[in-house]
Amino acid sequence: MLETSALACERGGLRLFSDLGFSVAPGGLLRVRGANGSGKTTLLRALAGLTRPAAGAVRWRGEPIGDGYRGEMLFLGHAPAIKDELSVLENLEFSASLAELKNSDCKIALQQMGISRLADLPARYLSQGQRKRAALARLALSAAVPLWLLDEPFAALDDEAIIGVSALCATHLAAGGMLVLTSHQDVPISCATTRDIELQ
Amino acid sequence: MLETSALACERGGLRLFSDLGFSVAPGGLLRVRGANGSGKTTLLRALAGLTRPAAGAVRWRGEPIGDGYRGEMLFLGHAPAIKDELSVLENLEFSASLAELKNSDCKIALQQMGISRLADLPARYLSQGQRKRAALARLALSAAVPLWLLDEPFAALDDEAIIGVSALCATHLAAGGMLVLTSHQDVPISCATTRDIELQ
Amino acid sequence: MTGFLTVLRRELRIALRRKGDALNVLVFFVVVASLFPLGVGPEPNQLRAMAAGVAWIAALLAALLSLARLFAADYADGTLEQMLVAPQPLAAVVLAKICAHWLLTGLPLALVAPLIGLQYGLPADALCVLLVSLLVGTPVLSLLGAAGAALTLGVRGGGALLGLLVLPLFVPVLVFGAGAVTASLIGINPAAHLSLLGAFLAVSLLVGPWASCAALRVALD
Amino acid sequence: MTGFLTVLRRELRIALRRKGDALNVLVFFVVVASLFPLGVGPEPNQLRAMAAGVAWIAALLAALLSLARLFAADYADGTLEQMLVAPQPLAAVVLAKICAHWLLTGLPLALVAPLIGLQYGLPADALCVLLVSLLVGTPVLSLLGAAGAALTLGVRGGGALLGLLVLPLFVPVLVFGAGAVTASLIGINPAAHLSLLGAFLAVSLLVGPWASCAALRVALD
Amino acid sequence: MNSELFRLAAPQAFFPVAGKMLPWFSFLAGALALAGLYVAFFVAPTDATQGEAYRIIFIHVPAAWMSMFIYVMMAGWAGFGLAMNTRLSGMMSSALAPTGAMFTFIALWTGALWGKPTWGTYWAWDARMTSELVLLFLYLGFIALKGAIQDPARADRAGAILALVGVVNVPIIYFSVQWWNTLHQGASVSLTRAPSMAAVMLLGMLLMALAAWMYSIAVALARLRRIILERERDAEWAKLQRSTA
Ligand code: HEM
Ligand SMILES: Nc1ncnc2c1ncn2[C@@H]1O[C@H](COP(=O)(O)OP(=O)(O)OP(=O)(O)O)[C@@H](O)[C@H]1O
Ligand SMILES: Nc1ncnc2c1ncn2[C@@H]1O[C@H](COP(=O)(O)OP(=O)(O)OP(=O)(O)O)[C@@H](O)[C@H]1O
Ligand SMILES: [Mg+2]
Ligand SMILES: [Mg+2]
């Protein structure tokens, strides 16, 4: 259970949003909406514990977020965290073992994202969408991680990949996971408890 | 008038597409479609003269593309060509004067993209979508450039910006310009002579 | 511990793929070392007196120049963000990056230095002292340098600022490191110098990783 | 010509914003120059003999180390692509980048070198020769180095490869440059050395930009 | 008591308090400096071995003490701010740094001047001098780092980390003469003199040290007020303050 109370964030002395209170319960999907520069990314980073809020707090299972939280949360930001020098598989294996996920499933995860053919290609040669797919392959490994925070997961993906990622998200929600995402596109995830917040 | 004949491109020894022949006439819109990694970006780069085709040729006004072509074409790729150290306005001014466009309209262009408030902010601080808008501001300066080649212009943009960019494109087409673009999203540009090609 | 090993293995693998960076230090060192006689003239006594200084200055420059990029790539492509949100303790990750930096700059340099010392005509015991001083001193450069690199990450004018922050801390290492060799050359026991270096190393082992972690959290705020 | 000025202005402006990079060369140089006495010992004769070598090695290293990043940032963020499709001739753009590189590394170094020479006890005429040799020689480093940087852009192991490609071309510049100063120190006319450097410069003015342009087109294919 | 302290930790509450304390510390600094200088130049006798040059001690030693003491204070405030997330602490450390750098510079400079007649050299790389020089660079690095980061909160935290790293250097400076047998000696001056003269010297040094102390507090308070106004420029009370000033 993720909760915020009276959350406010600033960038360069500018208040982006304030007094934000919401909660995400197991099986719940929270969509963060808003125009470019309205603070969606900032909010997600605050939820991940990367950005210090100017006011308010983020709570996880009733406690302020701390070290234990990090093992129960998956954050994928704008930057894909992919090294050009390493192959697609090596990249995934690294991020999996950094996140203490099972390394053995990496090939299956690539297959689920439709890029198993590219497993041994150095990431430098990937197309934009393939790179995004490689980053999102971590979702397929993270079924056991309760909270997913995804920043624009559908950007650069083609229709097939969007469907694939949505399916992963839906499965995760159905299994009692929690999901917070931002997206400028329509999100084809079917979920009973969807909430939207709009930042301006 | 842009034409290709029997165009083929390769990446890492792999044939991405071959025997591609099409033409774009004044006022015409060509949408390049295809899955992730199908070669859309590669095709656009070949049309811009950046990538050497494995076979076939690109012709502009009946001639193989050469030095003169570069002044009549605008290419915006995945990478936004924006320097973090410079302000938004300085970035636009630089790319305008590199492309021999009128520097004086830069502020108006930023206004058209809805980021005039950010003109003096170092680009490092822009949000993803603001960065994209800053790159696309060049469109507003390029009305006189007949051929536009746009790679995923709508990625990361919010609805308002998508409408703005589409309007710019439509105006350009109505004035007899030519436009080739790739996009995974639906393109809300109304144009009489729209053609699609699908790469696989 | 898994975090440490994972990151260390990755860093070394990337370096191996790039090759450039690892070899660069050696190229750099050989350039510095072999060009000096060209500039100074090949008098044996003079060369002997210079050997330790040349080796140590090469080490210091190699460290300084590679440090600016220690965290930069990971910062730009989002890997650092992932390291901060990962369940692995950040200290392990940072320590692994520091280790990798030392393995790729300090260690090769220390191992090659005796060869250069030989060419410069150093006697055997001075060669030993040179090797030991570099082995003890170069980790200090990586440890404290990492803290500086983390502090200046994404900061305006980062490069020069990094120099300003870490050079004052490096100078004592250089002075005592080269001093040890000079001492042994003129027949004084270099143990005092070396134990000073050792003390430096101990302090920087405590301070370096802690400061790097804290600074990285600030940089990514 | 507009292309040249546009790019030059932008490069300098970015350098000014970062400050780091421009100052870095000076910091670097001052470090190299002032650490040598620390490592080597402060005997005046020895220092005088070393001054030219120190200045030239610093110039060479500064060039080598900054060249690796000459095109890298523009390559990564798409600016290079834009430069290639721009109506401005690529040669003008490349020449502007080379100029900026020299203005930010070679020139400051050349201008500061006499001060260091003074501290190292060089006589006035040797200082002059040092300044002239650096002014003539450092553009060669930027010109040929740019070609090397373009050739190794995006290539695996770029760093070491760059060193391998350009060092053989740089060493003669160093030898004649430092040689000119040494010659004037022992009372020989340094004109022969300097005119050799001049010839080098003329050749590299022809070869450097052309090779860089061709290599950039290949790199971005 | 505790809540009172925390109320004062708010910049707005501290601003007027600092304003009231400022003139007192300035006055004390001036008076003590005058007294100290009088003792130093007119009461203390000429030294038998060093002549008049030894009078540098009245500046050198207080400056050296202050250079270290201010750094510890600065690091203390910085660390407190990092741990407790109080805004005033970061401003306090910023206010102290330039004064500390100044005293460090004076200690180095007077030490170097003094070294020429006594040791025959301005500079040697002995442990105390090296570590004192490092201290100067730590101050400068702290100031430069804070200046380079635009966001004040981030600048405070980054500066605090640097200050805490550097604090290790202070015991090294202080104990270097005991740990390593170096050129710079400890309190050997009093051995060559009669006890009464040592007492006069001690008095002069003490007065000068107190003056330096009061001066540091006064300057830090003045600087702190400026920083508070600058950082809180958007707050209503600060606008009011500026319009009345
Ligand atoms: C640039 C060179 C010098 C530096 C960086 C330096 C630094 C310091 C420092 C940091 C202290 C305070 C530490 C303490 O109280 O134990 C100090 C104290 C002192 N210094 Fe220096 N010093 C320098 C040169 C000299 C010289 C040339 C002399 C005279 C021969 C001298 C005589 C003293 C004395 C007598 C004290 C007081 C020691 C005491 O009673 O505790 N210093 N110096
Ligand atoms: N130093 C700064 N000074 C002023 N404004 C800043 C600074 N740093 C960041 N900002 C602003 O803060 C906002 C950050 O927004 P954020 O990245 O969270 O937006 P977003 O909602 O994710 O947008 P997008 O849809 O474009 O991804 C932007 O409007 C940006 O311009
Ligand atoms: N060296 C290489 N070896 C093998 N395949 C390569 C190499 N370089 C590029 N490729 C492949 O060439 C294709 C390049 O495609 P391109 O970038 O044009 O795709 P795209 O249609 O723009 O995709 P997206 O929708 O993801 O942007 C990718 O499938 C990529 O994997
Ligand atoms: Mg965003
Ligand atoms: Mg593409």
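Letters go in sequence order (proteins before strands), and every chain restarts at 1.
- What you find for B/Leu98 and D/Pro87 is that their closest heavy atoms are O-CD, 3.9 Å.
- Contact annotation for D/Leu216: neither backbone nor side-chain heavy atoms come within less than 4.5 Å of a heavy atom of chain B.
- Put simply, CG on D/Asp77 and CG on B/Asn91 are 8.5 Å apart, with the number rounded to the nearest 0.5 Å.
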Distance-only donor-acceptor pairs under 3.5 Å for side chains of residues 181-188 of chain B, two or more places apart:
{"residue": "B/Thr182", "atom": "OG1", "partner": "B/Asp151", "partner atom": "OD1", "Å": "2.7"}
{"residue": "B/Thr182", "atom": "OG1", "partner": "B/Glu152", "partner atom": "N", "Å": "2.9"}
{"residue": "B/Ser183", "atom": "OG", "partner": "B/Gln185", "partner atom": "N", "Å": "3.1"}
{"residue": "B/Ser183", "atom": "OG", "partner": "B/Gln185", "partner atom": "O", "Å": "3.1"}
{"residue": "B/His184", "atom": "NE2", "partner": "B/Asn36", "partner atom": "ND2", "Å": "3.3"}
{"residue": "B/His184", "atom": "NE2", "partner": "B/Glu152", "partner atom": "OE2", "Å": "3.2"}

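- In this structure, B/Glu93 and D/Arg9 have side chains that are not in contact, with every pair of non-hydrogen atoms separated by 4.5 Å or more.
- For a residue to count as touching a neighbouring chain, one of its non-hydrogen atoms must lie under 4.5 Å from one of that chain's; by this rule D/Val93 touches chain B with the side chain only.
- Put simply, CD on B/Glu85 and CZ on D/Arg13 are 12.5 Å apart, with the number rounded to the nearest 0.5 Å.
- In terms of modelled atom types and a separation under 3.5 Å, the side chain of D/Arg10 and the main chain of B/Leu86 share no donor-acceptor contact.
- In this structure, chain D has a heavy atom under 4.5 Å from the side chain of B/Arg138, while its backbone stays farther away.
- A pairwise comparison of heavy atoms in D/Asp221 and B/Thr51 identifies OD1-CA, 3.2 Å as the closest pair.
- Contact check for B/Arg52 versus D/Arg217: no side-chain heavy atoms found under the 4.5 Å cut-off.
- Counting heavy-atom pairs closer than 4.5 Å to chain B, the top residue among D/Val85, D/Asp74, D/Leu84, D/Thr79 is D/Val85.
- For residues 64-80 of chain B, the interface with chain D (any heavy-atom pair closer than 4.5 Å) comprises B/Arg70, B/Gly71, B/Met73, B/Phe75, B/Leu76, B/Gly77, B/Ala79, B/Pro80, sorted by residue number.
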